Every structure is written in structure tokens, then in C-alpha cells.
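Presented below is the structure to which this report refers.
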Amino acid sequence: MSFTTQDSSYMARAIQLARKGWFTTRTNPRVGCVLVKDEQIIGEGWHEKPGFAHAEINALNRAGDNARGATAYVTLEPCAHHGKTGPCAEALVEAGVVKVVSAMLDPNPLVSGKGMQILQNAGIEVEHGLMREQAEQLNLGFIKRMTTGLPRVVVKIGMSLDGRTAMASGESQWITGTDARRDVQRLRAESGAVITGSGTVVIDDPSMNVRESAYIANPHFAQPIRVIIDSQNIVEPNAKIFSNEGHCWLVSGHLSEKDYPANVEQKTVALLPGKDKISHHKIDLKALLMLLAETGVNDVLIEAGSGLVGAFIEQEMVDELVVYMAPKLMGSAARPMVQLPLETMQQNIELTLGNIRQIGNDLRLNYYFKKA
């Protein structure tokens with residue numbers, strides 16, 4: 001389809017609006033909407049939080065009766081189903097919009113195209129595909145969950161220049177500087193769940209919550225689920241990770257009889273067939289991720305030791321690797337970045353470098369797994 005420069009500018013604005021919900025839409029996609037009439041923007045909106053009005057409804061409310069005869073630019077196909085809110089496609093029809101331009105169709109194969117069909121059946125002109133790639137970047141996790149049943153998985157690693165993530169004793173605080181740790185707060189804030197292992201909890205006693213005021217001051221912000229994989233049932237109820245606001249999952253192959261706080265929910269996940277039942281990283285990680293996806297988690301952040309990180313990579317569950325590299329040398333006795341049972345060069349796992357950025361005195365490197 002042929003789009004004009006003006007069309008692109010309106011869609012760019014819709015994408016900018018969608019980003020306002022970056023840390024708050026959680027289980028829902030990030031969506032922005034711009035209503036245009038006589039080459040003037042008459043209404044704007046974005047989705048703020050699950051259960052709240054969608055972007056199209058917010059834009060229509062701002063435009064009021066003036067929406068009749070307008071064109072809507074939406075970053076995602078208007079929804080066609082009844083959930084906590086009504087179908088946006090029907091609302092656009094009732095408002096008298098004459099044209100709808102969406103950047104992309106709904107990625108859910110059971111829904112895709114139905115919203116556009118409602119609009120077409122009502123005589124509304126529809127187009128899609130304008131700035132599709134930019135719109136997809138808004139919702140990589142949502143797209144993956146809708147098309148595969150799995151959330152998008154990002155692994156965060158803080159390491160020294162010689163590729164070490166902890167001393168031989170397990171000591172790892174702090175490898176990177178304060179600026180890098182602040183950047184990790186952003187990664188947590190944009191995630192629906194943060195996964196770690198029992199070893200990290202026992203040795204470091206981390207909080208694993210979002211503490212930066214820039215995020216938690218938003219009344220729509222909710223803490224990500226803190227997920228602890230603890231097959232050996234060694235995590236105690238007084239661990240700091242349980243003491244903060246937000247929901248926690250304690251994941252094992254069997255339930256523990258310990259008395260955990262009220263915000264802790266024990267989850268049983270099957271162990272991989274034929275694997276050692278003692279090691280925490282032998283849990284079927286795909287089954288865990290599917291369980292998270294079923295609750296609506298789009299994006300998962302892994303902050304764990306080299307064993308658990310290696311297990312996620314080995315089971316091909318990782319989409320992106322975010323490495324914070326500190327200008328330090330920790331020596332050959334220190335623990336490696338990741339534990340992987342590779343023996344030959346043919347077994348190496350090749351990644352694609354996305355970008356490099358200096359964060360304080362450290363470097364942040366974003367890598368993508370070729371399968372993704």
C-alpha cells in the first residue's frame with residue numbers, strides 16, 4: 001500500500017504515545033492511537049495498564065463527537081474481542097471513523113484480521129503495514145507469546161573483562177558500577193517476571209525488585225513477579241527477596257513445608273526426564289516459561305548464576321543476552337560467565353551483536369541468539 005509522509009508522521013506519533021505505557025501495560029501490548037481530521041490531530045491516546053481503556057478509546061474520548069469522519073492511526077490492529085474492555089473496532093465504528101491505518105495486525109493467529117474485518121464490514125477503509133517494524137519493536141514479548149506460547153527471554157550478566165561473573169567463593173557484589181546497576185533497574189521494570197536461582201538468593205540475598213523512583217512513582221507500575229528456582233528447597237522464608245512489595249514464585253519439583261510469607265506462591269514444575277534431581281538447573285525451563293506465559297507474562301529477565309544461565313541457553317530458551325562488562329580482571333579461579341557443556345568449536349553458539357553502549361565505566365553489549 002502507498003503511504004504518504006504525513007501518514008508516517010501520524011503513525012510515528014502513535015508509536016511515541018505507545019511508549020508511554022512501556023513499563024505499565026504488562027500483560028497487554030503497548031499501543032498508541034492518533035485521530036486525524038482535516039489534517040489536524042483531534043485526539044490521542046495510549047494504553048496505560050491492563051483493565052484500563054485501550055489507546056483507541058482514550059483517543060476517541062478526547063476527540064468526542066469530532067471523531068466522526070476522522071482517520072485513526074493505530075500501532076496495532078484494533079481488538080475485536082470482549083475482555084475487561086469492549087472491542088475497540090466496534091467503538092471506532094460507533095464513533096463514525098471513516099478510515100483506520102494500523103501498523104500491524106494482531107499477532108494472535110486466532111484473532112489476527114478480525115478487528116480489520118469488523119471495520120471493513122462497516123464500510124470503513126482499512127490499511128495496515130505502515131511502520132510495521134517500528135511497531136513490532138514495541139511488543140517483541142507480546143508477539144512471541146501470542147505466536148509461540150512462550151515469553152521473550154532476556155539474560156542479564158555482569159562480568160569482568162576476562163569473562164568472570166563471581167569469585168570462586170561465589171562472591172559477586174559488585175562487579176559493575178552504580179550506573180550499570182541503575183540500567184539493570186530499567187531491564188527489571190520493563191519485565192513481567194525476573195528469574196533467579198536459589199544459589200544467588202542464598203549467597204547474595206538480593207532484593208530483585210525495582211527500586212528506582214522513576215518507575216515506582218508511576219501509579220500504574222506493578223513490580224515484576226520474582227521467580228526463584230529452588231529444587232533443593234534451600235531458600236529460607238526470611239530471604240530478602242520475599243520481603244518487598246510484589247508477588248513471588250518459589251519453583252521446585254515438589255512443594256516445601258516451610259512457612260513462607262503470604263506473597264510467596266509455590267509452583268511445582270517437572271524435572272527434565274533422566275536428569276539429576278538435585279541440581280536446581282535441571283528443571284524443565286520451557287515448562288516454567290509456558291507457565292509464566294499462561295499468566296500473561298510477555299517479557300522475562302534472567303538474573304542468575306552461570307549454571308542457571310547456561311541451562312537456559314542450553315535449552316534454547318534465550319532471545320537476548322545483555323552483558324555489562326566492567327574494566328576489571330578477576331582471575332582464572334573466578335567463575336565463568338556461563339556453564340555450557342561444549343567441547344569442540346563446532347558446538348559453539350554464535351550470537352549477533354546488536355549494539356554497544358558505555359554505561360558509566362562499564363560497557364553494555366546487547367547480543368541476539370541467531371535462532372531468535
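Only heavy atoms go into these numbers, but all of them, side chains included; no hydrogens, no water, no symmetry mates. Note that the structure is a prediction, hence the values are computed from the model and not measured.
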Note to self: I'd like to know if the side chain of R145 reaches the main chain of L140, judged simply by a donor and an acceptor atom lying under 3.5 Å from each other, with no hydrogens or angles considered.
What the structure shows: no

Notebook entry, point to check: Is R181 close enough and on-axis enough to W174, meaning under 6.0 Å and within 45°, for cation-pi?
Noted result: yes

Notebook entry, point to check: With a cut-off of 6.0 Å (strictly less than), are more than 12 heavy atoms of other residues, nucleotides or ligands near CG of N348?
Noted result: yes

Notebook entry, point to check: Under the 3.5 angstrom rule, does the side chain of T268 hit a backbone N or O of G253 as a donor-acceptor pair?
Noted result: no

Next item on the list: Could you grab the distance from atom SG of C33 to atom CD1 of I57, nearest 0.5 Å is fine?
Entry: 9.0 Å

Next item on the list: Answer with yes or no whether the hydrophobic clustering places Y73 together with L17; edges join I, L, V, M, F, W, Y residues whose side-chain heavy atoms lie under 4.5 Å apart.
Entry: yes

Check: Given I15 and L138, is the side-chain contact (heavy atoms from CB on, under 4.5 Å) satisfied, shown in steps?
Finding: CA-CA 8 Å; I15 289 173; L138 292 169; 4.2 Å; yes

Notebook entry, point to check: Taking it one step at a time, do E48 and T24 satisfy side-chain hydrogen bond (donor to acceptor under 3.5 Å, both in side chains)?
Noted result: CA-CA 6 Å; E48 300 174 3; T24 58; over 6 Å; no

Notebook entry, point to check: So is R30 actually on top of W22's ring, under 6.0 Å and inside 45° of the axis?
Noted result: yes

Next item on the list: First locate atom CG of L285, then atom CD1 of I313, and finally report the distance between them rounded to the nearest 0.5 Å.
Entry: 11.5 Å

Check: Taking the six-membered ring for Trp, are H220 and F52 parallel (under 30°), tilted (30 to 60°) or perpendicular (over 60°)?
Finding: perpendicular

Note to self: When you measure from the side chain of N263 to the backbone of C248, do you find a donor-acceptor pair of N or O atoms at a distance under 3.5 Å?
What the structure shows: no

Next item on the list: Any chance you could lay out the salt bridge (charged side-chain N to carboxylate O under 4.0 Å, His left out) test for D299 and R152, step after step, and finish with the verdict?
Entry: CA-CA 5 Å; D299 298 277; R152 178 171 175 264; 3.8 Å; yes

Next item on the list: For side-chain hydrogen bond (donor to acceptor under 3.5 Å, both in side chains), just list the numbers for H247 and E265, CA-CA rounded to whole Å, side-chain angles, deciding distance to a tenth of an Å, and then say yes or no.
Entry: CA-CA 8 Å; H247 199 55; E265 184 177 355; 2.8 Å; yes

Next item on the list: Say whether, by atom type as modelled, one donor and one acceptor occur between the side chain of D230 and the main chain of I234 under 3.5 angstrom.
Entry: yes

Check: Between F23 and Y215, is a ring pair (Phe, Tyr, Trp, His ring centres under 6.0 Å) present by the stated rule, with each step listed?
Finding: CA-CA 7 Å; F23 302 102; Y215 310 117; 4.8 Å; yes

Item checked: Nearest atoms (heavy-atom pairs only) where P237 meets F242 -> O-CD1, 3.6 Å

Notebook entry, point to check: Can you find a pair of side-chain heavy atoms, one from M208 and one from T196, that are under 4.5 Å apart?
Noted result: yes

Check: Looking only at atom types and distance, does a side-chain atom of T75 sit under 3.5 Å from a main-chain N or O of G32, one as donor and one as acceptor?
Finding: yes

Checklist line | Non-hydrogen atoms of G149 and A293 that approach each other most closely | finding: O-CB, 3.2 Å

Next item on the list: Indicate yes or no: at least one non-hydrogen side-chain atom of L292 is less than 4.5 angstrom from one of W249.
Entry: yes

Notebook entry, point to check: Is there a donor-acceptor pair closer than 3.5 Å between any side-chain N or O of D106 and the backbone N or O of P78?
Noted result: no

Item checked: Side chain to side chain, T71 and V97, heavy atoms closer than 4.5 Å -> no

Checklist line | Which residues share a ring pair (Phe, Tyr, Trp, His ring centres under 6.0 Å) with F312, sequence neighbours left out | finding: none

Notebook entry, point to check: Is E303 close to V194 at the side-chain level, that is, under 4.5 Å between some pair of heavy atoms?
Noted result: yes

Next item on the list: For D259, look at atom CG and say whether over 12 heavy atoms of other residues, nucleotides or ligands are found less than 6.0 Å away.
Entry: no

Checklist line | Donor-acceptor under 3.5 Å (T148 side chain, L150 main chain) | finding: yes

Note to self: Please check: side-chain N/O of K286 versus main-chain N/O of M317, any donor-acceptor pairing under 3.5 Å?
What the structure shows: no

Note to self: side-chain hydrogen bond (donor to acceptor under 3.5 Å, both in side chains), that's the test. Do N66 and K37 meet it? Break it down for me.
What the structure shows: CA-CA 8 Å; N66 200 26; K37 186 176 181 180; 3.2 Å; yes

Check: Cluster question for you: counting only ILVMFWY and a side-chain heavy-atom cut-off of under 4.5 Å, with indirect links fine, are Y367 and I359 together?
Finding: no

Checklist line | Derivation and outcome, side-chain contact (heavy atoms from CB on, under 4.5 Å), residues M104 and M131 | finding: CA-CA 8 Å; M104 58 180 288; M131 301 183 71; over 6 Å; no

Margin query: More than 12 heavy atoms of other residues, nucleotides or ligands under 6.0 Å from CG of N361: yes or no?
Written below: no

Notebook entry, point to check: Is any side-chain heavy atom of R164 less than 4.5 Å from a side-chain heavy atom of M337?
Noted result: no

Notebook entry, point to check: Quick one: does E77's side chain get under 4.5 Å of H128's, heavy atoms only?
Noted result: no

Check: Do V338 and L161 sit in the same hydrophobic cluster, where Ile, Leu, Val, Met, Phe, Trp and Tyr count as joined when their side-chain heavy atoms come under 4.5 Å apart?
Finding: yes

Note to self: Looking at I225, is its backbone amide N or carbonyl O close enough to the side chain of Q223 to form a donor-acceptor pair, meaning the two atoms are under 3.5 Å apart?
What the structure shows: no

Note to self: Quick check on side-chain contact (heavy atoms from CB on, under 4.5 Å): which of N366, L365, V153, V155 does L321 satisfy it with?
What the structure shows: V155

Note to self: As an exercise, state the distance from CD of E190 to OG1 of T25, rounded to the nearest 0.5 Å.
What the structure shows: 10.5 Å

Margin query: Show, in sequence, the C-alpha distance, side-chain angles and deciding distance for I124 and Q120, and conclude whether the side-chain contact (heavy atoms from CB on, under 4.5 Å) test is met.
Written below: CA-CA 5 Å; I124 295 175; Q120 283 184 310; over 6 Å; no

Next item on the list: Any chance you could measure Q339, atom CD, to S306, atom OG, to the nearest 0.5 Å?
Entry: 3.5 Å

Checklist line | Pairwise distance CD1(I41) to OG(S9) - rounded to 0.5 angstrom | finding: 7.5 Å

Check: Would you call V297 and T27 a side-chain contact if the rule is heavy atoms closer than 4.5 Å?
Finding: no

Note to self: Assigning hydrophobic clusters by single linkage (Ile, Leu, Val, Met, Phe, Trp, Tyr; side-chain heavy-atom cutoff under 4.5 Å), is I175 placed with V184?
What the structure shows: no

Next item on the list: For residues 9-25, pull every pair meeting salt bridge (charged side-chain N to carboxylate O under 4.0 Å, His left out), keeping only residues two or more places apart or in separate chains.
Entry: R13-E44

Check: So, R226 side chain and I241 main chain: donor-acceptor pair closer than 3.5 Å or not?
Finding: yes

Check: In the single-linkage hydrophobic clustering (I, L, V, M, F, W, Y; side-chain heavy atoms under 4.5 Å), do I228 and V154 co-cluster?
Finding: yes

Check: Can you find a heavy atom in the side chain of N28 that is under 4.5 Å from one in the side chain of H47?
Finding: yes

Checklist line | side-chain contact (heavy atoms from CB on, under 4.5 Å) assessment of K156 paired with Y324 | finding: CA-CA 8 Å; K156 165 262 170 182; Y324 295 89; 3.9 Å; yes

Note to self: Apply side-chain hydrogen bond (donor to acceptor under 3.5 Å, both in side chains) to residues Q117 and N121 and explain how you reach the verdict.
What the structure shows: CA-CA 6 Å; Q117 192 62 55; N121 291 345; 2.9 Å; yes

Notebook entry, point to check: R364 pairs by side-chain hydrogen bond (donor to acceptor under 3.5 Å, both in side chains) with which of D179, D183, T176?
Noted result: D183

